[in-house]
Amino acid sequence: SRLMQVGPEGAGYIEPDTAVTTLTLTRKFPMKTRLQYFNAQIIGTTVEGANQADFSDAVTLAVVSDTLKPYLQDLVIRNPGYYRYYRILASSSHLHIAEMELLCREQLPGTVDATPLPVFDENGIEQTRFYRFQGEIIGENTDSTAFDGDMLTYNNEKWTGLDLGRPQKVTRVRLAPRNAHNGIVPGNRYELFYWEGEWLTAGIKKAEYHFLTFDSLPRNTLYWLRNLDHGKEEQPFYYSNGRQIFSNQPVWTDYGEEE
């Protein structure tokens, strides 16, 4: 069978060659359209600090000004102050936030190590250390999943936050939007396959960071990455110019075999 790529510029067969290549992979399934829609709703969401429990004296500390990536990232507070209550307030009717952490640079009483940011290449392994404040959950739902450490759960209320017990200076907020957690998960085992008339295995690797590297693979063919520990969503992809192009970006079809 022969693989065909169909895209905006037309269609053409993909011809595997004898050259080999190295793949650096960060996902096993593309970002879903539905989640992209929810993510767009987060733009305009604000982080507020206050010293009154009803937020009557709230100060806006940061604003989500662009689409969040489907993993943890930081919102830097440019003018931090001392506030007891912190919250994230949706610009729409729902937050669509999976995780939230309030951070500082110093290890203060009541703080613990922050969850590290994702590492997508060897240059990102060394990170500045931050510490996460702990506190009592406040908001419309005091069982908020935004603080449970689980990327697959999400908060869908108008707002959620923490009561830190006394005024504290938060210098950044670490956030992740609602997502399907289809990136590479450290500690999980993955098997990569490549197409050469049939699916052949390129081996199994355990992820140490949020990327995997596979060497000496046939170039210019179709690949398929499976998580052997969690999840069922997978999709074949092509690899071009150092990035994964999944089978619906553009569409891939196999015209050589009938279903």
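Residues Y71 and F120 place their aromatic rings such that the two centres sit under 6.0 Å apart. Residues F237 and F246 place their aromatic rings such that the two centres sit under 6.0 Å apart.
The cluster map of Ile, Leu, Val, Met, Phe, Trp and Tyr, joined by side-chain heavy atoms under 4.5 Å apart, puts L225 and L23 in the same cluster. In the hydrophobic clustering of this structure, V47 groups with V59; members are Ile, Leu, Val, Met, Phe, Trp, Tyr whose side-chain heavy atoms approach within less than 4.5 Å, directly or through other members. Taken together through direct or relayed side-chain contacts under 4.5 Å among Ile, Leu, Val, Met, Phe, Trp and Tyr, L164 and I88 form part of one hydrophobic cluster. Hydrophobic clustering (ILVMFWY, side-chain heavy atoms < 4.5 Å, transitive): I137 and F133 are in one cluster. A continuous path of ILVMFWY side-chain contacts below 4.5 Å connects L75 to L162, so both sit in one hydrophobic cluster.
For the pair E140 and W159, the minimum side-chain heavy-atom distance is below 4.5 Å. Using a 4.5 Å heavy-atom cutoff, the side chains of H181 and H230 are not in contact. Between D113 and Y131, some side-chain heavy-atom pair lies under the 4.5 Å cut-off. R178 has its side chain out of reach of Q41: every pair of non-hydrogen atoms, C-beta onward, lies at least 4.5 Å apart. With a 4.5 Å cut-off on side-chain heavy atoms, F211 and I184 do not count as touching. With a 4.5 Å cut-off on side-chain heavy atoms, L25 and F214 count as touching. For the pair L61 and E48, the minimum side-chain heavy-atom distance is 4.5 Å or more. Annotation: side chain of I42 is not in contact with side chain of T67 (no heavy-atom distance under 4.5 Å).
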**OP:** Tell me, with the steps shown, if D121 and Y209 meet side chain to side chain donor-acceptor pair (under 3.5 Å).
**Re:** CA-CA 8 Å; D121 57 51; Y209 302 105; over 6 Å; no
Subject >> Derivation of the side chain to side chain contact (heavy atoms under 4.5 Å, CB included) call for Y154 and L95 >> reply: CA-CA 9 Å; Y154 60 92; L95 277 172; over 6 Å; no
**OP:** Check the pair E233, K28 against side chain to side chain contact (heavy atoms under 4.5 Å, CB included), reporting the backbone distance first and the verdict last.
**Re:** CA-CA 8 Å; E233 293 179 323; K28 65 182 180 70; 4.1 Å; yes
Subject >> Step-by-step side chain to side chain contact (heavy atoms under 4.5 Å, CB included) determination, Y238 to N220 >> reply: CA-CA 7 Å; Y238 181 62; N220 208 27; 2.3 Å; yes
**OP:** Could you go through the side chain to side chain contact (heavy atoms under 4.5 Å, CB included) check for L102 and F147 one step at a time?
**Re:** CA-CA 10 Å; L102 304 176; F147 305 99; 5.5 Å; no
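Within 6.0 Å of CD in E208 there are 12 or fewer heavy atoms belonging to other residues, nucleotides or ligands. No more than 12 heavy atoms of other residues, nucleotides or ligands sit less than 6.0 Å from atom CD of E136. Within 6.0 Å of CD in Q127 there are more than 12 heavy atoms belonging to other residues, nucleotides or ligands. Summarising the local packing, CG of N79 is surrounded by 12 or fewer heavy atoms from other residues, nucleotides or ligands at distances under 6.0 Å.
The closest donor-acceptor contact from the side chain of E191 to the backbone of I204 lies at 3.5 Å or more, if one exists at all. Of the possible polar contacts, none joining the Q73 side chain to the L68 backbone as a donor-acceptor pair under 3.5 Å is found. Under the 3.5 Å distance criterion, the side-chain polar atoms of K158 are left unmatched by any main-chain donor or acceptor of L89. The main-chain N or O of R84 is found under 3.5 Å from a side-chain atom of N51 such that the two form a donor-acceptor pair. The backbone N or O of D150 lies less than 3.5 Å from a partner atom in the side chain of E99, making a donor-acceptor pair. Between the side chain of Y190 and the backbone N or O of V185, at least one donor-acceptor pair lies under 3.5 Å. Not one N or O on the side chain of T160 forms a donor-acceptor pair closer than 3.5 Å with the backbone of G139. Listed for the T171 side chain is no donor-acceptor partner under 3.5 Å among the backbone atoms of I77. Distance alone, capped at 3.5 Å, is enough to place a donor-acceptor pair between the Y86 side chain and the Q168 backbone. In this structure a side-chain-to-backbone donor-acceptor pair under 3.5 Å is missing from R174 to A114.
Put simply, CZ on R132 and CD on E101 are 5.0 Å apart, with the number rounded to the nearest 0.5 Å. Interatomic distance, CZ of R226 versus NZ of K232, reported as 11.0 Å (0.5 Å rounding). Atom OH in Y223 sits 9.0 Å away from atom OH in Y239 (nearest 0.5 Å). Between atom CG of residue N182 and atom NZ of residue K32 there is a gap of 6.0 Å, rounded to the nearest 0.5 Å. Taken to the nearest 0.5 Å, the CG atom of N241 stands 13.5 Å off from the CD atom of Q244. N156 CG to H94 NE2: the interatomic distance, rounded to the nearest 0.5 Å, is 5.0 Å.
In terms of heavy-atom proximity, N179 sits nearest to A98 at ND2-CB, 4.2 Å. Minimum heavy-atom separation, K205 to L212: CB-CD2, 4.1 Å. P70 and P177 get closest at one heavy-atom pair: CA-CG, 4.0 Å. Of all the heavy atoms in E196 and P218, the pair that sits closest is OE2-CG, 3.6 Å. Across all their heavy atoms, A62 and V76 have their closest contact at CB-O, 4.3 Å. What you find for I138 and Y85 is that their closest heavy atoms are CD1-CD2, 4.1 Å.
Cation-pi geometry between R105 and F130 is met: the NZ or CZ atom falls under 6.0 Å from the ring centre, inside 45° of the normal. Judged by the 6.0 Å distance and 45° axis criteria, R87 is positioned over the aromatic ring of F55.
For the 3.5 Å distance criterion, the side chains of E157 and S144 fail to qualify, holding no donor opposite an acceptor. Side-chain contact annotation: N155 with T145, donor-acceptor N/O pair under 3.5 Å absent.
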